[in-house]
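This report refers to the structure that appears directly beneath it.
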Amino acid sequence: MDKINTIIKRLLPGIFLFGFTVGTGSVTAMAKAGADYGMSLLWTILISCAITYFLIQLFGKFTLVTGVTALQAFKQHIHPSVSLFFIVALTTQICGSVMGVMGILADVCYEWSKTFVDGGIAPLYFAIFFIVFVYVIFLIGKVDVFQKVLAVFVAIMAVCFLINFIMLMPPALTILKGLVPTVPETGPDKNAFLVIASMVGTTVFSGLFILRSILVQEANWTMADLRTQKTDALFSAFLMFVVSASIMAAGAGALYAKGIQLTHVTQMINLLEPLAGAAAVTIFTLGLIAAGVSSQFPNVALLPWLLDDYHQRKTDLTRPIYRLIALAISLLGLVVPIFDAKPIMVMVASQAFGALVLPATVASILYIGNKRSLMKEHAFSATTNGLLVLIFGFALIMSYMSVNGILDTLS
């Protein structure tokens, strides 16, 4: 038992990152991709998860070598404005994500509640419940409590979506074809560019890598923990791929097979029942709730984390100002239920915005990772630099797709 507890403790930072990444934003992006294009965009998940693994372990190793976090290094070795840019950009993205996450969670729970309450329970009540639940956990103010609670929700989410995948698994040949990079045709009601950008934006999330370096520093890992750090990063990326592919398969099986586009996540609930039964609906809903709650924990805590990191002080989530910040960000979750906005568009646009921040993240780590005065003999190798340049090029293409997709949607 002690050995199992030790293994889980070592993997907690990776589980935390997985929970942060695969929230309702990922569920929305992957389910929409599956509904609109079947499994043809599976290659996007594979490439995104491979890049995510590479960058998670690279940012982690950077902190192991230097003892400072990425945000601190950007401030000290590039310019304070670079760190401030990331704080503002990531907070903006998180605010959009909170609105979308809570809107989707509330809508799905409302639809699900119709199965056992006549007329269902209003989405606003579900939104208030989840906001209060997450905020109360935040008030405890302990990172280890955050990580343990998040690990429970991650386990629930992973099991639920894997069961759904087994129920709705497409043919093996279809899955293999999806690993071949192709961009489906974009029509008036379909925007493949925006969907691809949102898939990349929700998986290759800049906040993930910056937070990774903070978690490595807080875990007091050193170069002696390099192997643990790599294993932890690989475990996180592997979970991301398996769960994301499972969600895409559910969307493909429930909607794409019937030629129905995904405009609202509640469609999944209405269509899953005749296809796979009430059990599948319950499992999908529980998975979605776990995904939303697991991503909401880091969402409300990210800005306080970044501010403490920027000022190079020990993380203290109990500061009164941070509790007010977390409350303000949490209350954004009421925007969609109150104003009846479309949560999917809010969510997809928020994830696509993340693709715009990625090039700056890659360029910054490429610069500081090659500073001999900082990295000494651990300065990035030619191979690492080559991969970063390729990722930077990929990030620019994703940014172009993101801008085009958003502009097309607005027009």
Side-chain contact test, heavy atoms from C-beta onward, threshold under 4.5 Å: evaluate it for [X] versus [Y] and give yes or no.
X      : Y      : result
Val101 : Ser295 : yes
Leu334 : Met102 : no
Phe126 : Pro337 : no
Leu358 : Phe392 : no
Thr63  : Val68  : no
Ile47  : Phe394 : yes
Ile325 : Leu307 : yes
Trp43  : Val180 : no

Using the side chain to side chain contact (heavy atoms under 4.5 Å, CB included) rule, take Tyr310 and Lys75 through it: C-alpha gap first, then chi angles, then the decisive distance, then the call.
-> CA-CA 8 Å; Tyr310 179 81; Lys75 177 184 176 182; 3.6 Å; yes
[atom2] on [Y] to [atom1] on [X], rounded to 0.5 Å:
X      : Y      : atom1 : atom2 : value
Asp118 : Thr115 : CG    : OG1   : 11.5 Å
Thr203 : Leu46  : OG1   : CG    : 11.0 Å
Leu41  : Lys32  : CG    : NZ    : 11.5 Å
Met240 : Ser48  : CE    : OG    : 10.5 Å
Asp232 : Gln57  : CG    : CD    : 11.5 Å
Arg372 : Lys376 : CZ    : NZ    : 11.5 Å

Please walk me through it: do Gln217 and Arg212 pass side-chain hydrogen bond (donor to acceptor under 3.5 Å, both in side chains)?
-> CA-CA 9 Å; Gln217 188 184 62; Arg212 171 62 170 189; over 6 Å; no
Derivation of the side chain to side chain contact (heavy atoms under 4.5 Å, CB included) call for Ile214 and Leu306 = CA-CA 9 Å; Ile214 296 174; Leu306 294 178; 4.2 Å; yes
Please identify each residue that fulfils side chain to side chain contact (heavy atoms under 4.5 Å, CB included) with Phe129, with sequence neighbours left out.
-> none
With Ser330 via side chain to side chain contact (heavy atoms under 4.5 Å, CB included) - residues at least two apart = Ile131, Tyr135, Val300
Where the side chain of [X] meets the backbone of [Y], is there a donor-acceptor pair that is under 3.5 Å apart?
X      : Y      : value
Ser97  : Gln93  : no
Asp107 : Ile104 : no
Ser244 : Phe241 : no

How close do [X] and [Y] get, counting heavy atoms only, and between which atoms?
X      : Y      : answer
Thr228 : Trp221 : CG2-CZ2, 4.0 Å
Ile45  : Met248 : CD1-CE, 3.6 Å
Phe130 : Cys109 : CE1-SG, 3.8 Å
Ile210 : Phe59  : N-CD2, 4.4 Å
Trp305 : Leu215 : CZ2-CD2, 4.3 Å
Phe209 : Thr52  : CE2-O, 3.8 Å

Could you check Ser206 against Thr361 for side-chain hydrogen bond (donor to acceptor under 3.5 Å, both in side chains), going step by step and ending with a plain yes or no?
-> CA-CA 6 Å; Ser206 296; Thr361 309; 2.7 Å; yes
Could you go step by step and tell me if Val216 and Thr69 meet the side chain to side chain contact (heavy atoms under 4.5 Å, CB included) rule?
-> CA-CA 8 Å; Val216 166; Thr69 66; over 6 Å; no
Let me see the working for Ser381 and Thr384 under side-chain hydrogen bond (donor to acceptor under 3.5 Å, both in side chains), right down to the final yes or no.
-> CA-CA 5 Å; Ser381 65; Thr384 299; 3.2 Å; yes
Residues 42-63 vs salt bridge (charged side-chain N to carboxylate O under 4.0 Å, His left out), sequence neighbours excluded, gives none
Please test Phe238 against Cys49 for side chain to side chain contact (heavy atoms under 4.5 Å, CB included), starting from the C-alpha separation and ending with a verdict.
-> CA-CA 7 Å; Phe238 174 74; Cys49 290; over 6 Å; no
Compute the ring centroids of Phe297 and Phe138, then answer whether they are less than 6.0 Å apart.
-> no
After noting the C-alpha distance and the side-chain angles of Tyr322 and Asp308, does the key distance pass the side-chain hydrogen bond (donor to acceptor under 3.5 Å, both in side chains) rule?
-> CA-CA 10 Å; Tyr322 289 169; Asp308 272 345; 2.8 Å; yes
